[in-house]
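Report on the following structure.
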Amino acid sequence: MAKKKLETVVDDIYHLVGKLGNGEELNITEKQFKSFGKFMEHALRDWATPREAQRPTLRMSNIGRPTRQLWFDMNSERTPSGLPAPTMIKFLYGHILERLVLFLVEIAGHKVTDEQKEITVGGITGHMDCKIDGQVVDIKSASGFG
């Protein structure tokens, strides 16, 4: 089998999932099913555990924001107000969708590595979502509006 390339990942997933519509089995291994299940359990446990409110810091995810906005985010006095329920559900939904996409990538024959690997760039520490076929990839869920 030829080495998979990132450029074909969407087509490869559609081709694989299209087999279901033709009545064909996907041949997902027991190991793949169990790995997905373990991740879902971890995601739910992590989501259901409250985190201590922390002062905003520079993170990989806020690189690119205007400098003035970052300064005010880091230096303004704020009273923690918590997050509304719809936002908490949205976070869980995004986390689950990220892993579902990676599951589909894996069963379509692509190699997923370095999931949530901690990295430091220019003194700022963050986590990469993963590498697919050796290339760094950021998985995003968004509305049609987004």
Side-chain angles (χ1 to χ4, degrees), residues 1-18 20-21 26 28-146:
M1 183 161 89
K3 184 178 179 193
K4 297 284 186 163
K5 295 181 182 181
L6 183 63
E7 294 80 12
T8 66
V9 75
V10 173
D11 289 337
D12 293 340
I13 291 170
Y14 285 168
H15 175 75
L16 179 73
V17 175
L20 284 174
L26 295 186
I28 300 169
T29 68
E30 195 62 30
K31 182 180 176 183
Q32 289 169 320
F33 279 125
K34 286 184 179 185
S35 175
F36 184 75
K38 281 183 183 178
F39 182 87
M40 287 299 122
E41 178 184 359
H42 175 74
L44 287 170
R45 287 184 188 279
D46 184 55
W47 175 76
T49 304
R51 287 173 184 72
E52 186 178 318
Q54 297 177 338
R55 184 162 186 83
T57 61
L58 284 177
R59 302 179 324 275
M60 298 302 257
S61 59
N62 59 21
I63 289 176
R65 289 188 181 160
T67 306
R68 183 176 168 87
Q69 179 184 359
L70 288 172
W71 188 92
F72 278 103
D73 286 347
M74 303 303 133
N75 295 293
S76 296
E77 291 298 322
R78 296 183 185 177
T79 306
S81 60
L83 296 170
T87 301
M88 295 304 298
I89 292 170
K90 196 182 317 178
F91 288 159
L92 175 63
Y93 183 67
H95 200 50
I96 289 171
L97 277 178
E98 177 181 323
R99 189 60 193 117
L100 177 60
V101 166
L102 294 177
F103 175 73
L104 293 171
V105 168
E106 289 171 339
I107 66 172
H110 292 266
K111 186 174 182 178
V112 176
T113 59
D114 297 321
E115 284 185 71
Q116 297 305 313
K117 180 180 177 183
E118 187 173 287
I119 58 170
T120 302
V121 176
I124 300 171
T125 301
H127 294 85
M128 70 168 72
D129 283 351
C130 67
K131 287 183 181 178
I132 297 176
D133 301 328
Q135 296 185 46
V136 176
V137 175
D138 196 41
I139 308 293
K140 292 292 179 203
S141 57
S143 65
F145 177 79

Checklist entry - Which distance, rounded to the nearest 0.5 Å, do you find between the NE2 of H15 and the OG1 of T8? => result 11.0 Å
Next on the checklist: Is it the case that the side chain of K3 and the backbone of D133 share a donor-acceptor pair, with hydrogens and angles ignored and the cut-off at 3.5 Å?
Outcome noted: no
Next on the checklist: Under the side chain to side chain contact (heavy atoms under 4.5 Å, CB included) test against V105, which residue among I139, V9, V10 passes?
Outcome noted: V9
Checklist outcome for this item: Between K5 and H110 the two heavy atoms that sit nearest each other are O-CE1, 3.1 Å
Item to check | Side-chain (S35) to main-chain (K31) donor-acceptor, under 3.5 angstrom | outcome: no
Item to check | M40 side, atom CE; H95 side, atom NE2 - distance, nearest 0.5 Å | outcome: 7.5 Å
Checklist entry - So how far is it from I107 CD1 to D12 CG, rounded to the nearest 0.5 Å? => result 11.5 Å
Checklist entry - In Å, rounded to the nearest 0.5 Å, how long is the span from CG of L70 to OG1 of T67? => result 6.5 Å
Checklist entry - So which heavy atom on K140 is nearest to which on D138, and how close? => result CE-OD2, 2.8 Å
Next on the checklist: Ignoring hydrogens, what is the shortest heavy-atom contact between I132 and V112? Give both atom names and the distance.
Outcome noted: CG1-CG2, 4.4 Å
Checklist entry - Nearest 0.5 Å, what's the CG-CZ distance between D129 and R99? => result 11.5 Å
Checklist outcome for this item: Note: L100 and F36 closest approach over all heavy atoms is CA-CE1, 3.9 Å
Next on the checklist: Can you give me the closest heavy-atom contact between L102 and C130, atom names plus distance?
Outcome noted: CD2-SG, 3.6 Å
Checklist entry - What heavy-atom pair brings M128 and D114 nearest, and what distance separates the two atoms? => result CG-O, 3.6 Å
Checklist entry - Could you give the distance from OG1 (T87) to CG (L92), rounded to the nearest 0.5 Å? => result 12.5 Å
Next on the checklist: Strictly distance-based, threshold 3.5 Å: is any side-chain N or O of N75 a donor or acceptor partner for the main-chain N or O of W71?
Outcome noted: yes
Item to check | E7 vs Q135 side-chain heavy atoms within contact, under 4.5 Å | outcome: yes
Checklist entry - Is there side-chain contact between D46 and R51, with heavy atoms separated by less than 4.5 Å? => result yes
Next on the checklist: Please check: side-chain N/O of W47 versus main-chain N/O of Y93, any donor-acceptor pairing under 3.5 Å?
Outcome noted: no
